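Step one of this worksheet: look at the structure below.
Treat the numbers as computed from the prediction; the structure is a model and nothing was measured. Just so we're on the same page: letters track the sequence lines, and every chain starts at 1.
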Amino acid sequence: MKTLIEALLKRALDALPEELVPTASRAVGIEVQGTRDAQHGDFASNLAMRLGKATRRNPRKVAEALLAALPKDGAIAKVEIAGAGFINFFLSADAYSEEIGKVLAQGEAYGRSDLGAGRRVQVEFVSANPTGPLHVAHGRHAAFGASVSNLLEAVGYAVHREYYINDAGRQMDILALSAWLRYLERCGERFTFPSNAYVGEYLIAVGEQLFAAEGMDLRRPAAQVFEGLPPDEPQGGDKDVYIDALMSRARVLIGEAAFQRVLRTALDGIVGDIREDLGEFGVTFDCWFSERSLSDSGAIDRSIEVLKHSGHTYSKDGALWFKSTDFGDEKDRVMVRENGVKTYFASDIAYVLNKLERGYEHLLYIWGADHHGYITRLRAALIALKGQPERFEVLLVQIVSLFRGGEKAKMSKRSGDYVTLRDLRKEVGNDAARLFYVMRSNDQHLDFDMELAKSRSNENPVYYIQYAHARVSSVMRQLKDRGLAHDLSHGIAWLGNLKEPQEQQLIKRICAYPEVLKVGAAQRAPHSLVYYLRDLANDFHTYYSAHQFIVEDAGARDARLDLALATQIVIRNGLKLLGVSAPETM
RNA sequence: GCGCCCGUAGCUCAGCUGGAUAGAGCGCCUGGCUACGAACCAGGAGGCCGGGGGUUCGAAUCCCUCCGGGCGCACCA
């Protein structure tokens, strides 16, 4: 509808005489927007005011000329000039009836568009370290990333969802050690668990698993394991010295091959758990990308060579540096440390190169806000690798604070007593969790109140929206119970007769859905879809309370039921993009 | 100190690339079930859009500055 009006205005503009609006002034963009006030019609354009500014002419005069040149169209009932020079468009009843017909005919497909023209977008999100179960902040990343991906897909992008598994580096060694120690406990060894190891309960299960697979083969006496190690948690000392010594000891005692087996078992267990957790949450990925695979395949070395060849590196203090300051970074970054070990950043560079080589036209990263300092250096690497910076985009998700009825929940990852995503899902349900997570803009801190999310009251938008959907089903059940039928096309033909303000409002809202998706996708703003669905549900509940659907007159009845069904379709489609179910009964 | 995010009704937040009298939910006050589900609806009170400059026909929106809050500034991952 909006595009139609834009096209009409374009033709009107082209038809204006040169002396009124010189070609040079015509470059202003044609903007059409939905109006807030029904008095101003359905859509309005500020084109005349922009042209007036460019040509130093009275905007209302320009508007009159545009109006005269505007082609006639059946969808437009009336056009008028208002205010400082707004051109207001009033749609015909037919145009709306037709659109409602489209909703009913297209069903699940309604609202989708090909705006993205099949362009390939890669969205990387969650990517939590595989050292334990996901917690509530990861839940926000998952819900947000999935919803943004779904929105992009709905408007015609070919979306590739990816999870980057940080399965390389020192933290993996600590993970393997922790798992092995749990295994030793299972074997019956007794000792004090290192303060720096991963203490979460989930590794006890891994220890159990190792015990089942390895039997007593990897058991070593605790006395032997801990003999002669530096103290853990020394006063003012370095705890890492202790854990490093312990890891070396483990490798010596069971051998590198066994150590890697332990690591593999722990990693597979945790990644499997994460995958299952996200799957239950309705969040799936096209690819789980292993960081380790980058070093194994030589991709890291290769990306370093590429940067060396293009002259963006130098050696200093025994380390190899990337000159990110050439691309706006505040300081250069180390890729290979003095001790020869590559940094995490080196992996990320290789990963960027990998993504570019896979041919994605757009790279979307979803990160925690605490990683914002990382954006510049990664963009720098991307540019140095000949990627186009405008195709690189990072969305930052602000922190989540968990509340229980107004009281802030303690979150301590160290002690392992933090609330996991699984706990949260179990307590408030997937639907409420998905919706609450994306209700706020991603750059807004989120206060997640579990009591509120659980409450079945009108404080909770989840049920408000779902209730509207269930109510439609209920009306249709009622219709059947009364032995009445519903004639869909008869209703469409009758739609023009629906003149109640609540009906007009609802029709207008339903028809706005495709535009909501376009804007929501462009802005990467799933919360705008939540707001829209709430408004739509509100319009429906209002209508429901004001008028009967199942009335004597068959025409009015069919038309009203069409409207109810169209509402239901849009709610269902919208909720699906957000990963929320649309129940028939509640 | 530097960088990013936030500051809008009592509370939690929308407000699209500047647009026509600033919106919603909750909370508060009044009402509404012998008709399709009251997990609902109708009405009301409540706002120098953090302060001050600037750009513009027009600023909550853009620019500058100050104030207040959050998060970052590793040869860690």
Side-chain angles (χ1 to χ4, degrees), chain A residues 29 31 33-37 39-40 44-46 49-50 52-53 58-59 82-86 88 129 131 166 168-172 174 240 291 316-321 330-331 333-339 341-345 347-348 368-376 396 398-399 406 439-447 449 452 455-464 466-468 470-479 481-482 515-516 518-520 522-523 525 527-528 530-532 534-535 537-538 540-551 560-561 564 585-586:
Chain A
E31 285 177 32
Q33 45 195 233
T35 57
R36 194 182 303 162
D37 190 334
Q39 281 183 6
H40 301 134
S45 177
N46 61 359
M49 289 186 285
R50 304 190 76 140
K53 186 177 186 176
N58 183 340
F86 287 101
N88 293 337
N129 288 341
T131 54
N166 297 123
R170 188 178 130 84
Q171 59 171 357
M172 284 299 105
I174 298 177
D240 288 342
E291 176 187 358
K316 193 183 84 178
D317 306 331
L320 182 69
W321 297 70
E330 57 191 6
K331 56 172 289 204
R333 309 291 171 177
V334 171
M335 290 190 294
V336 184
R337 283 183 294 205
E338 200 177 355
N339 61 11
V341 177
K342 285 147 201 150
T343 61
Y344 180 79
F345 182 48
S347 297
D348 271 354
D370 54 344
H371 283 67
H372 77 261
Y374 217 74
I375 298 174
T376 313
L396 296 177
Q398 294 290 332
I399 60 168
M439 232 165 36
R440 304 284 176 245
S441 159
N442 59 295
D443 52 24
Q444 193 77 240
H445 290 188
L446 178 66
D447 289 341
D449 192 325
L452 183 63
S455 75
R456 316 207 150 209
S457 67
N458 46 1
E459 298 171 65
N460 195 329
V462 184
Y463 300 112
Y464 186 84
Q466 288 182 327
Y467 184 44
R471 261 186 157 175
V472 177
S473 295
S474 176
V475 170
M476 298 313 287
R477 282 193 296 271
Q478 186 63 221
L479 184 79
D481 288 351
R482 294 192 197 176
E515 188 63 24
V516 168
K518 284 178 191 162
V519 174
Q523 313 268 329
H527 72 272
S528 61
V530 177
Y531 276 78
Y532 167 81
R534 219 215 76 85
D535 288 342
N538 180 31
F540 179 78
H541 288 311
T542 298
Y543 181 36
Y544 182 97
S545 301
H547 304 284
Q548 283 280 302
F549 288 91
I550 304 172
V551 290
R560 288 181 172 186
L561 290 173
T585 59
M586 295 175 65

Does G7(B) have a Watson-Crick or wobble mate here (both distances under 3.5 Å), and if so which one?
C67(B)
With hydrogens left out and only the distance checked, is there a donor-acceptor pair under 3.5 Å joining N88(A)'s side chain and the base of A20(B)?
yes
Using a 4.0 Å heavy-atom cut-off across all strands, classify A44(A) as base, sugar-phosphate, or nothing.
base
Atom OH of Y464(A) and atom C1' of G37(B) are separated, to the nearest Å, by 15 Å
For Y467(A) and G37(B), do the ring centres fall under 5.5 Å apart while the planes stay under 30° apart?
no
Taking OP1 and OP2 of C57(B), is either one under 4.0 Å from a side-chain nitrogen or oxygen of R50(A)?
no
Side chain of D317(A) only, please: which of C73(B), C75(B), G37(B) is the nearest?
C75(B)
Going by modelled atom types, is there a donor-acceptor pair between the base of G3(B) and the side chain of H372(A) at under 3.5 Å?
yes
Once you apply the 3.5 Å cut-off to both distances, tell me the Watson-Crick or G-U wobble partner of G72(B), or none.
C2(B)
Could you identify the nucleotide paired to A24(B), looking across every strand shown and requiring Watson-Crick or G-U wobble geometry with both distances under 3.5 Å?
U12(B)
Using only atom types and a distance under 3.5 Å, with no angle test, would you say the side chain of R560(A) pairs donor to acceptor with the backbone of Q548(A)?
yes
Face-on cation placement of R471(A) at F540(A) ring, 6.0 Å and 45° thresholds
no
My understanding is that a pair needs two contacts under 3.5 Å, Watson-Crick or G-U wobble. By that rule, which nucleotide pairs with U17(B)?
none
Has the side chain of N46(A) got a donor or acceptor atom sitting under 3.5 Å from an opposite partner on the base of G19(B)?
yes
Contact class for S474(A) (heavy atom, under 4.0 Å): base, sugar-phosphate, or nothing?
base
From the candidates A20(B), U56(B), C75(B), the one with an atom nearest any side-chain atom of K53(A) is U56(B)
Does a side-chain heavy-atom distance below 4.5 Å link R333(A) with T343(A)?
no
Assess, by modelled atom type and distance only, whether the side chains of T131(A) and Q171(A) contain a donor and an acceptor separated by less than 3.5 Å.
no
